[in-house]
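These notes are about the structure you will find just below.
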Amino acid sequence: MKITTWNVNSLTARLQHVLDWTAANPVDVLCLQELKMTDDKFPFEALHAAGYEHCAMFGQKTYNGVAILSRQPLRDVVKNIVGFEDEHSRVIAATVDGPAGEVRVVNGYFVNGQEPGSEKFAYKMNWLRGLNGYLRDELGKHERLVLLGDFNIAPEDRDSYDPVGLKDTIHHTVQEREHFRQLIELGLADSFRMFDQPEKSFSWWDYRMLGYQKNRGLRIDHILVSGKLKPEVKGCTIDRVPRKWEKPSDHAPVTLEI
DNA sequence: ATGTCCCCCGCTGGGGGA
């Protein structure tokens with residue numbers, strides 16, 4: 001069973017890339033972030049035709065927006081962080097059946113946070129606190145759980161192209177990394193780091209300054225798995241191919257195999 | 001400071017967010 005996370009930076013702008021990528025990589029579940037569209041604009045028909053007959057989305061105008069696309073039915077869809085008031089559409093969860101049992105999928109577009117000390121950074125910290133409490137509850141209800149998405153956190157120095165120059169800047173702060181660690185402490189494992197990976201493996205590259213060509217990137221898109229799922233994990237890989245396509249998303253898809 | 005891309009508003013360019 002394959003589950004992918006991909007921040008598409010507008011599903012309107014990236015629909016053809018999603019269709020092309022899934023045609024070559026027919027994953028079972030595709031979790032998207034930054035749809036930047038309202039629910040009424042969601043391209044259900046094209047995605048159904050691509051094999052994703054079951055789609056749950058949580059959109060909003062212009063910003064944010066998340067969706068779970070699945071070949072198998074989705075159950076118990078929950079939008080947003082339960083217990084945290086949020087005007088943004090950033091989290092959607094659903095349960096899907098897999099060969100070894102059902103999996104709870106929690107798909108998040110984590111707050112960017114702009115810069116430490118800003119109001120947006122304070123919102124990021126509160127949001128992360130809310131998410132942690134929500135995940136604690138979800139893990140109590142679902143022992144086979146995946147938390148994935150655009151975390152907007154580079155958890156360790158090796159997840160950044162310039163950990164010295166970017167020390168204490170957004171994505172790299174001690175506070176953000178502490179929140180990531182607290183998610184791990186809930187019993188989640190960073191599936192990407194369960195395996196040997198090439199050095200300088202990143203999932204996001206700035207559009208500017210030839211970021212991708214120079215591999216000036218960050219690993220900020222993650223797939224965490226619960227303790228129960230951990231022994232089942234067969235792999236976790238970042239696919240850089242679509243980042244080379246014309247008018248790409250700035251993020252690459254990351255895929256978990258269980 | 002800037003680069004780039006995407007959205008909106010609403011009009012051919014500016015502003016916000018990342």
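- Atom P of B:dT2 sits at a distance of 15 Å from the matching atom of B:dG14, rounded to the whole Å.
- Using a 4.0 Å heavy-atom distance criterion, A:Tyr212 is classed as making no nucleic acid contact.
- Here B:dG17 presents its C1' atom at 13 Å from CD1 of A:Ile170, a figure rounded to the nearest Å.
- Sorted by first and then second residue, the ring-ring contact (aromatic ring centres under 6.0 Å, His included) pairs involving residues 5-29 of chain A (not counting sequence neighbours) are A:Trp6-A:Trp21, A:His17-A:Trp245.
- For the ring pair (Phe, Tyr, Trp, His ring centres under 6.0 Å) test, no residue two or more places apart in sequence or in another chain qualifies with A:Tyr63.
- Sorted by first and then second residue, the salt bridge (Lys or Arg N to Asp or Glu O under 4.0 Å) pairs involving residues 106-129 of chain A (not counting sequence neighbours) are A:Lys124-A:Glu176.
- Side-chain atoms of A:Gln72 and A:Asp97 include no donor-acceptor pair closer than 3.5 Å.
- Residue A:Asn64 contributes atom CG, which lies 9 Å from atom C1' of B:dG17 at whole-angstrom precision.
- Summarising the geometry, the separation between NE2 on A:His171 and P on B:dA18 is reported as 9 Å, rounded to the nearest angstrom.
- B:dG16 sits 16 Å from B:dG10 when the C1' atoms are compared, rounded to a whole Å.
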What string of B, S and - do you get for nucleotides 6-16 of chain B, 5' to 3', if B is base contact, S is sugar-phosphate-only contact and - is no contact with any protein heavy atom under 4.0 Å? SSSS-------
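- Within the structure, ring-ring contact (aromatic ring centres under 6.0 Å, His included) contacts touching residues 211-236 of chain A (residues at least two apart or in different chains) are A:Phe151-A:His222, A:Phe180-A:His222, A:Trp205-A:Tyr212.
- Going from the C1' atom of B:dC8 to that of B:dT12 covers 15 Å, rounded to whole Å.
- Counting only residues at least two apart or in different chains, side-chain hydrogen bond (donor to acceptor under 3.5 Å, both in side chains) contacts with residues 178-187 of chain A comprise A:Glu178-A:Arg181, A:Glu178-A:Gln182, A:Arg181-A:Glu185.
- Toward the 5' end of DNA chain B, the nearer of the two residues A:Arg208 and A:Gln114, judged by each one's closest nucleotide, is A:Arg208.
- Across the P atoms, B:dC11 and B:dG15 are found 15 Å apart, a figure rounded to whole Å.
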